[in-house]
Amino acid sequence: MALETAGLSPVEAFALVGVIGVGAQWLAWRIQMPAIVLMLVAGLIVGPVTGVFIPARDIGDLVGPMISVAVAVILFEGGLTLNLHALQDAAKGVRRLVIIGAPLGWLTSALAVHYGAGLGWGASAVFGGIMIVTGPTVIAPLLRHARLSRRPAALLQWEAIVNDPVGALAAVLAFGAVQVLATNSDASDAAVHYFNGIFFATLTGFLAGRGVSYTFRRGMVPEYMKIPVLFVVLLGAFALTDRLMHESGLLAVTVMGLVIANAQLPSYEELRRFKEHATILLVSGVFILLAAGLKMEALLALDLRAVLFVLLVVLVARPFTVMVALLGTDLPLRERILVAFTGPRGVVLMAVAGLFGERLVGLGIADGAAIGPLAFALVASTVVINGFGLTPLASLLGLRAAEVPGVLLVGGTRLTAGLGAALQKAEIPVLITDMNLGRLRLARTAGLPVFYGDILSEAAESQVEFIGFSTIFAATDNDSYNTLVTTDLAPEFGRDKVWQLPRDKSESQRHSLPVTLGGRRLGDGRTYHELEALLIQGWTVRATKVTEEYSFEDWRKDRPDSVLLCELPAKGDLRLVAQDSKTIPAEGSTLIALSPPKAEAA
């Protein structure tokens with residue numbers, strides 16, 4: 001039972017939601033767990049378990065609008081990731097999952113609700129429509145953690161984002177039908193209203209996206225106002241369409257994001273990254289609000305029928321829908337199996353389910369009260385199952401981009417060829433890239449995988465499995481290009497994972513760059529030209545293992561001139577060695593260094 005408390009002020013409530021939500025995400029990152037699991041648990045503890053925070057009591061009428069706006073922003077950010085250039089070979093599968101999979105998923109999910117949870121056909125039809133969604137806010141971190149191959153990752157990501165507004169609209173249509181039957185309204189008028197709402201939402205989202213793209217490209221909006229203008233247009237499009245028909249605003253903002261994502265805007269990356277940061281805050285807040293708002297009595301009412309319902313969705317409805325939808329495509333069976341058994345639900349399902357559950361109760365359909373708790377049970381179960389099961393399943397099916405995080409080496413040089421060979425021998429995946437095909441000759445001769453082209457190009461985005469690499473090292477003979485690559489890719493890889501060689505004249509105040517530009521400096525301070533001169537003299541990249549008998553101090557004594565590049569711990573990921581590093585490699589580590597000819601491998 002919840003403890004009786006005096007309640008929180010709105011300011012205290014907002015602060016608590018922020019601290020718990022972001023704190024849960026950070027803790028999840030530290031302990032390598034799905035963040036949504038910790039957020040749901042935290043929400044339950046502060047809400048129905050202890051009664052410290054009850055949204056309806058502490059925030060009141062603001063809860064509904066806050067969740068609606070947050071979900072709209074989340075879906076818009078999802079639309080911003082839908083770049084058509086990245087779809088390519090997964091396009092046919094995505095079309096099938098949306099055109100065939102969505103209606104079929106609606107039917108199978110409704111059957112699972114009716115026969116599993118025992119709800120009536122009206123509530124089952126509405127909840128079945130909502131269950132089409134697969135949660136882009138959950139899929140994205142799962143894909144990053146599992147490091148899936150490009151095509152199955154694209155299938156899951158596109159399905160999640162596109163089907164989110166589709167699921168909400170399916171629930172709207174089903175609710176409309178139930179409302180007509182319950183109130184004896186005119187079915188034809190209701191149908192016209194709903195389809196007009198869908199058309200208007202699509203048109204509004206398209207025009208809003210095109211308008212933003214046009215004004216941004218023509219320089220009609222100053223750089224410092226682009227984010228505020230984007231937010232205002234987003235909220236305007238959502239509010240306008242949602243006023244005409246509830247939940248159609250979700251479709252409008254998704255279409256708006258899709259249009260902007262494919263408009264080739266120069267400032268697109270800045271917009272998308274800012275939206276990602278905002279989405280993290282909003283997802284944290286929404287999950288805490290939804291979990292804290294659940295009633296303990298409703299949760300305790302969940303019984304074995306709720307377990308049967310979840311099992312039917314996970315083991316029957318989802319796999320059957322995906323396998324039928326992808327029947328006849330050229331997708332390998334293993335990819336279909338992975339997609340079929342990967343269907344985590346997220347924030348949109350919980351938010352929309354709670355809303356329609358209340359509306360069904362308002363129509364006199366008592367089963368509507370069970371939709372919220374069932375949605376929570378489905379979200380919690382699928383997140384736990386997929387959060388802990390996706391990586392092993394992908395490994396079993398051979399669909400991970402890399403079992404071990406790899407290193408992306410930019411620049412076809414003697415140094416990258418030697419370092420790549422040493423890493424590959426240690427079973428660390430590598431890829432060497434260069435815009436000059438001739439410079440990749442050394443890497444190809446050594447049997448190393450290469451990519452011919454600019455690593456920042458659209459071709460690289462569609463052909464390079466970036467998800468398989470955790471570290472990037474820019475080592476071309478062009479300091480400016482190295483700085484450009486590491487600066488551009490730092491938000492994707494993390495600033496602690498992007499490296500470059502020290503720049504020529506970097507010690508000069510006239511040539512030094514701000515700390516916000518470029519990557520971490522690798523090696524002992526020697527530049528590309530200095531290291532190249534050593535390699536021409538016969539220096540080579542060699543690996544040496546640190547043991548109890550041969551310590552790091554022994555290695556340094558034998559090789560005082562060697563340039564330590566990276567360390568392979570006995571347990572854990574590869575660590576590149578910074579210019580100012582004071583870390584002493586532990587016993588069992590393998591050292592990879594550039595050593596003079598006289599230094600023999602231990």
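What you see below is based on every heavy atom in this structure, not just the backbone, and it leaves out hydrogens, waters and symmetry mates. Quantities reported herein were computed from a predicted structural model and do not represent experimental measurements.
Using a 4.5 Å heavy-atom threshold, the side chains of L289 and F53 count as touching. The shortest side-chain heavy-atom distance between T241 and L251 does not fall under the 4.5 Å cut-off. Counting heavy atoms from C-beta on, the side chains of W158 and L97 never come closer than 4.5 Å. Taking 4.5 Å as the limit, every side-chain heavy atom of M39 sits out of range of all side-chain heavy atoms of I20. Residues K295 and P48 fail the side-chain proximity criterion, which asks for heavy atoms closer than 4.5 Å. Side chains of S248 and I198 form no contact here, defined as non-hydrogen atoms less than 4.5 Å apart. Between P55 and V63, some side-chain heavy-atom pair lies under the 4.5 Å cut-off. Between M256 and F206, every side-chain heavy-atom pair lies at or beyond the 4.5 Å cut-off.
Separating the CD1 atom in I67 from the CG atom in L282 is a distance of 11.5 Å, to the nearest 0.5 Å. If you take CZ on F309 and CG on L302, they are separated by 10.0 Å, rounding to the nearest 0.5 Å.
A donor-acceptor contact shorter than 3.5 Å links the side chain of N196 to the backbone of V192. When atom types are taken as modelled, the side chain of D367 and the backbone of G120 share a donor-acceptor pair closer than 3.5 angstrom. The backbone N or O of A201 lies less than 3.5 Å from no partner atom in the side chain of T204, so there is not a single donor-acceptor pair.
No more than 12 heavy atoms of other residues, nucleotides or ligands sit less than 6.0 Å from atom CZ of R243.
In summary, the side chains of T321 and T108 do present a donor paired with an acceptor at a separation below 3.5 Å, with no hydrogens or angles considered.
Scanning all heavy atoms of the two residues, the minimum distance from R318 to L156 falls at NH2-CD2, 4.1 Å.
Taking the six-membered ring where tryptophan is involved, the planes of F493 and F466 are perpendicular, since the angle between them exceeds 60° and thus also 30°.
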